[in-house]
Amino acid sequence: MTAIVQSRAASVAGFWRDSGWAVRVGITVAVALVLVAVFAPAIAPYDPDAVNLTARLQGPSAAHWFGTDHLGRDILSRLIAGSRVSLGAVAITLSLILALGIVIGGTAGFIGGRTDQIIMRLTDIFLTFPTLVLALFMVGILGTGLVNVIIAIALSHWAWYARIVRGIVLSLTHRDYILAARMAGITRWRIFARHLLPATVAQLLVLATLDIGHIMLHVSGLSFLGLGVVPPTAEWGVMMSDARQFVWTEPLLMFWPGLALFVSVMAFNLVGDAVRDRLDPNVRMEHGH
Amino acid sequence: MSLLSAHNVSRFYGTKTFAGGGRERPALSKVSMTIEAGETVALLGRSGCGKSTLSRLLVGLDTPDEGDIRFRGESLRSMGRAGWQELRRTVQMVFQDPIGAVDPRATVGDIIAEPLRPLCGLVGRAARDRVHELLLTVALRADDADKLPQQLSGGQLQRVCIARALAPRPRLVILDEAVSNLDLHLQIRMLDLFAALQRDHDISFLFVTHDLRLVERICSRLLVMDGGRIAERAPVNSPLELASPEGKALANAILPALPLR
């Protein structure tokens, strides 16, 4: 057991050591974003919701680094506060998607037979529609608001994960080490928990890291359309939506939240790519671990 | 009463279509055999002859389409939970491909200890001690317990698998080409180990292999399989004489110790 813990700890250090500069930048930005989100109230120079109509639509200055918006609110503070909503929403959505995917896909793959057939046909229905259309449809049924947007995005994405989980479970159940576990007399549930789940989660995490950016765009996209987070709450999508009417006169208003979204999506994609390369057992063998 | 027996066992593999039909190919047809407690039997045959299928059926990892597998006279089909527990404790198996037969995320110690809790109720210190004892039995080092499968060679991993099979102190171990991957020196060492286990602990082996040389050292009788059927049953004498064409083909396939011109 200690060997596993040691090799895990070594692999975190090794991960940084073996990564190229792009991945290092990605990791740094992602970690910085998470820290900013966690300590948002302490970092933000102004109250993100404080309206100051005398100082509206100012350009970047020493007092307001990124300027102020149409209600005189400090844009930097709103971006920092918005990171909380965006990252928090992504974290909750992804956890929901992973839980649904593992439970539904795992059940289908592990039980098999008729259960598998029924679950997978249901999954196919969800896979037929583009996720944004499905999410819009769900919001239409559930109503607007951040909670409903999270539920809608989770419900429109679980099917992809369920299908992948089922595939992984199916490919593993006929491996000799699962047969060996059956020979060892351990129960089906323990085989699932000890041998199938860790392998599945490892592969899913990679997919999840690659999806962080995508889901972030979904949350902001739905907020931009006025379906998710409602103004005046600071959120990147809402900020872009607010900036629409000033796009010709004050293009920077649109630029800052767009840049924040672009940089975060990019950072998480870089990290996701690197994690995928890292967790591929064949690549790991070449590293000699 | 025999320890494990197959009665007219058949197994078909085929592609089932939506319409329900489909072509079915018999991997085994009407095979009968028995293994008595304490005897070591060889199951010989070329690849694809059905010997691996038969060994999986014998341990209940797969179910026959026709016929019956019996453990101490009781059919596996009607056996209860306690019976299965007893079967697992009594009959163990070593798989052909050692790399595929171990969880790449588990340490060697965890792999060998896996059967100890469910089958022997051993946990903690007692389990660790037993793992160390088993590692020494298969000529590995005690500190190999902390290693991951990627850090071992194929031959070392196969010995880990053998140690895992020996962990619950079984009466019968089915070796599915289990020594084919080892080098000659290790093969002999493992065969000596099996012979010692057989002599001192009265453990029997079912030696599933295509290599006739392995048979002569420790087996008392052999079965030759071909095309899903048993082609020949013979006692192991020296010199070994096989009557069936399939048996003769296997005997001729042995490479001479020195190359001939």
Side-chain angles (χ1 to χ4, degrees), chain A residues 1-11 14 112-114 116-118 120-121 168-169 171-206 278-289, chain B residues 18 52 55-56 58-62 81-82 84-121 128 143-151 157 160-161 164-165 167-168 170 173-174 176:
Chain A
M1 280 314 235
T2 47
I4 289 187
V5 175
Q6 278 165 5
S7 72
R8 296 259 158 86
S11 72
R114 198 167 290 268
D116 181 27
Q117 289 286 322
I118 294 170
M120 288 336 281
R121 292 301 78 74
I168 299 172
V169 168
S171 74
L172 290 176
T173 37
H174 296 291
R175 293 280 288 275
D176 279 353
Y177 75 85
I178 302 299
L179 295 181
R182 284 173 61 193
M183 289 303 294
I186 63 179
T187 57
R188 278 169 70 89
W189 167 244
R190 272 186 80 82
I191 290 177
F192 186 75
R194 273 185 69 161
H195 295 294
L196 296 176
L197 201 56
T200 312
V201 169
Q203 294 196 41
L204 276 191
L205 279 183
V206 176
R278 186 71 184 181
L279 285 184
D280 187 335
N282 301 320
V283 179
R284 207 166 48 154
M285 289 286 254
E286 282 165 23
H287 284 287
H289 290 289
Chain B
F18 265 121
S52 284
S55 46
R56 273 164 205 224
L58 281 172
V59 293
L61 286 178
D62 195 3
R81 206 183 157 77
W84 277 97
Q85 194 81 348
E86 185 57 28
L87 172 68
R88 294 275 175 258
R89 204 162 23 235
T90 314
V91 182
Q92 277 292 320
M93 184 161 175
V94 180
F95 296 89
Q96 188 167 1
D97 167 32
I99 297 161
V102 294
D103 188 336
R105 281 157 222 281
T107 61
V108 167
D110 290 339
I111 291 165
I112 298 177
E114 189 159 47
L116 289 176
R117 182 205 279 266
L119 296 179
C120 312
R128 254 198 317 279
D143 58 2
D144 287 332
D146 290 331
K147 290 190 178 159
L148 289 170
Q150 301 99 299
Q151 296 167 297
L157 267 187
V160 169
C161 294
R164 170 175 59 189
V173 179
I174 295 178
D176 187 359

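Order of the sequence lines fixes the chain letters, A, B, ..., with proteins taken first and strands second; residue numbering starts at 1 for each chain. Just so you know, these numbers come straight off a predicted model, no measurement behind them.
For the residue pair B:P104 and A:Y177, the shortest heavy atom distance occurs at CD-CE2, 3.9 Å. Of all non-hydrogen atoms in A:A184 and B:P118, the two that sit nearest each other are O-CG, 3.2 Å. Annotation for B:A101 and A:A180: closest pair O-CB, 4.0 Å, computed over non-hydrogen atoms.
Distance CH2/B:W84 to CZ/A:R182: 8.0 Å, rounded to 0.5 Å. With rounding to the nearest 0.5 angstrom, the CE atom of A:M183 is 9.0 Å from the CG atom of B:L119.
Counting only residues at least two apart or in different chains, side chain to side chain donor-acceptor pair (under 3.5 Å) contacts with residues 189-202 of chain A comprise A:H195-B:D103, A:H195-B:E114.
Residue B:V91 touches chain A through its backbone alone, counting heavy-atom pairs closer than 4.5 Å. Neither the backbone nor the side chain of B:R128 comes within less than 4.5 Å of any heavy atom of chain A.
In this structure, B:R89 places its CZ atom where more than 12 heavy-atom neighbours from other residues, nucleotides or ligands lie under 6.0 Å away.
Among B:V102, B:L116, B:D97, the residue with the largest count of heavy-atom pairs under 4.5 Å with chain A is B:V102.
With sequence neighbours excluded, the residues that form a salt bridge (Lys or Arg N to Asp or Glu O under 4.0 Å) with B:R56 are A:D176.
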